[in-house]
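The next block holds one structure in the form of structure tokens; read it before the comments.
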There are 2 protein chains.
Amino acid sequence: MIKYAEIESENIMKIMSIPEIKKYLSTNGIKPSLPRIKIFEYLNNYKSHPTADEIYNALIDDLITLSKTTVYNTMDLFLKHNIVIQILIEENEIRYDSLTSNHGHFKCIKCNKVYDFKYDLADISIKELEGFSLIEYHTYIKGICKSCNEK
Amino acid sequence: MIKYAEIESENIMKIMSIPEIKKYLSTNGIKPSLPRIKIFEYLNNYKSHPTADEIYNALIDDLITLSKTTVYNTMDLFLKHNIVIQILIEENEIRYDSLTSNHGHFKCIKCNKVYDFKYDLADISIKELEGFSLIEYHTYIKGICKSCNEK
DNA sequence: AATTAATTTGTAATCATTACATAAAAGAAA
DNA sequence: TTTCTTTTATGTAATGATTACAAATTAATT
């Protein structure tokens, strides 16, 4: 039973229905098998920026034959087809995000929640990088979130 | 025999002599033992942004009793005393930087070199993060460096 | 010199991720 | 349907960076 997470920034996060997810996967060249749909649903609709392990634990009660390897394989497939990006904030854990356009991440060091925020580093011109080809932009901030601050 | 790397951006990278390093460590509450001095020297003067493994391999011929654990311990000590920061660009490898003020990193996907560039995310005001306490800022870009582009 | 504290080291453990080979499922051909 | 082929999914073992830990070495203090 998946409950949707509260959406912090509606402007940059869209919940999809199962038919929409099926279509989205197909459109991006991915055959929409059950594990793929469920994994994408969890990633996109439920909880922000989970690790592979979190995805596995969230789905295993529902998809009782799911294996962790499948989660990893599926994330690699999603990556290859550019429908997810990896987020690196802590060493030793890769998180995933279904929002693929450039944006920033904020990780709260108290509650560990990861927030998206609108920010596109590609808009900035960096003199020192003239002559360089810029391909991927990453921005993240660590601190204490509003909700933890107010406690 | 350590040769100094060419410095790409003199403005944000300073080579230190051994006595300067000793003093810098002491000033920051770190007793300047031989391994600590050599590790800091390598980190600061020679090559930009090495992993613990790279530091170990670079120094083992000179400090023939050095152990990898010592490199890790020393980096943790440096971190605790805020004279280095960690850089995360690839999963599965932590790199270190002796430049601790906010700045960006560029990693070339061809030659794997990591460049510094001047950029302070703290200067940007991010509306969505009002009420949040921002503590650490991280910015990195991947692409192809000028030197590889020109080849 | 003897004692204590700090530093360094080697070995083993940890744990996320990957490799790989098999099993299961889906799709195509007959 | 049945058989054959391809794609997906799974379980187990391997990898490799980092950490834990205890012993050994070095430095500092009495």
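First the proteins, then the strands, lettered A, B, ... as listed; each starts at 1. In what follows, every heavy atom counts, from backbone to side chain, and hydrogens, waters and symmetry copies are set aside.
Using a 3.5 Å distance cut-off with no hydrogens or angles, the side chains of T100(B) and N82(B) do not pair a donor with an acceptor.
Two residues are said to be in side-chain contact when any heavy atoms from C-beta on lie closer than 4.5 Å; I21(B) and N44(B) fail this criterion.
Atom-to-atom, CZ of F78(A) to C1' of dT8(D) comes out at 13 Å; the value is rounded to the nearest Å. For L63(B) and dT7(C), the CG to P distance is 17 Å, given to the nearest whole Å. Between L59(A) atom CG and dA9(D) atom C1' the separation is 14 Å, expressed in whole Å. In this structure, OH of Y56(A) is placed 17 Å from P of dT18(C), rounded to the nearest angstrom. A straight line from NZ of K80(A) to P of dT18(C) spans 14 Å, rounded to a whole angstrom. Straight-line distance from the CE atom of M75(A) to the C1' atom of dA16(C): 15 Å, rounded to whole Å. The separation between L88(A) atom CG and dA16(C) atom P is 15 Å, rounded to whole Å. At whole-Å resolution of the value, CD in E54(A) and C1' in dA16(C) are 13 Å apart.
At a threshold of 4.0 angstrom between heavy atoms, the contacts of T74(B) with the nucleic acid are absent. Nucleic acid contact class of T70(B) (heavy atoms, under 4.0 Å, all strands): base.
Across its full length, the helix from dA1(C)-dT30(D) to dA30(C)-dT1(D) shows an angle of 10° between the axes of its 5 terminal pairs at either end, rounded to 10 degrees.
OP1 or OP2 of dT8(C) has not a single side-chain nitrogen or oxygen of S67(B) nearer than 4.0 Å.
Ring centers of F78(B) and Y96(B): at least 6.0 Å apart, outside the cut-off.
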Once base and sugar-phosphate atoms are separated, protein heavy atoms under 4.0 Å mark nucleotides 18-26 of chain D, 5' to 3', with B, S and - as BBBB-----
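Taking the six-membered ring where the residue is Trp, H103(A) and H105(A) present perpendicular rings, their angle passing 60° and hence far from 30°.
Taking a 6.0 Å sphere around CD1 of I64(A), one finds it holds 12 or fewer heavy atoms contributed by other residues, nucleotides or ligands. Other residues, nucleotides and ligands contribute more than 12 heavy atoms inside 6.0 Å of the CG atom of L34(B).
Electrostatic pairing of K142(A) and E90(A) counts as a salt bridge here, judged by a charged N lying under 4.0 Å from a carboxylate O.
Between the side chain of E150(B) and the main chain of S147(B), no donor-acceptor pair closer than 3.5 Å is present.
Toward the 5′ end of DNA chain C lies the nearest nucleotide of K31(B), the other residue of the pair T65(B) and K31(B) mapping further downstream.
For I60(A), the side-chain contact (heavy atoms from CB on, under 4.5 Å) test picks out Y56(A), L66(A), with sequence neighbours left out.
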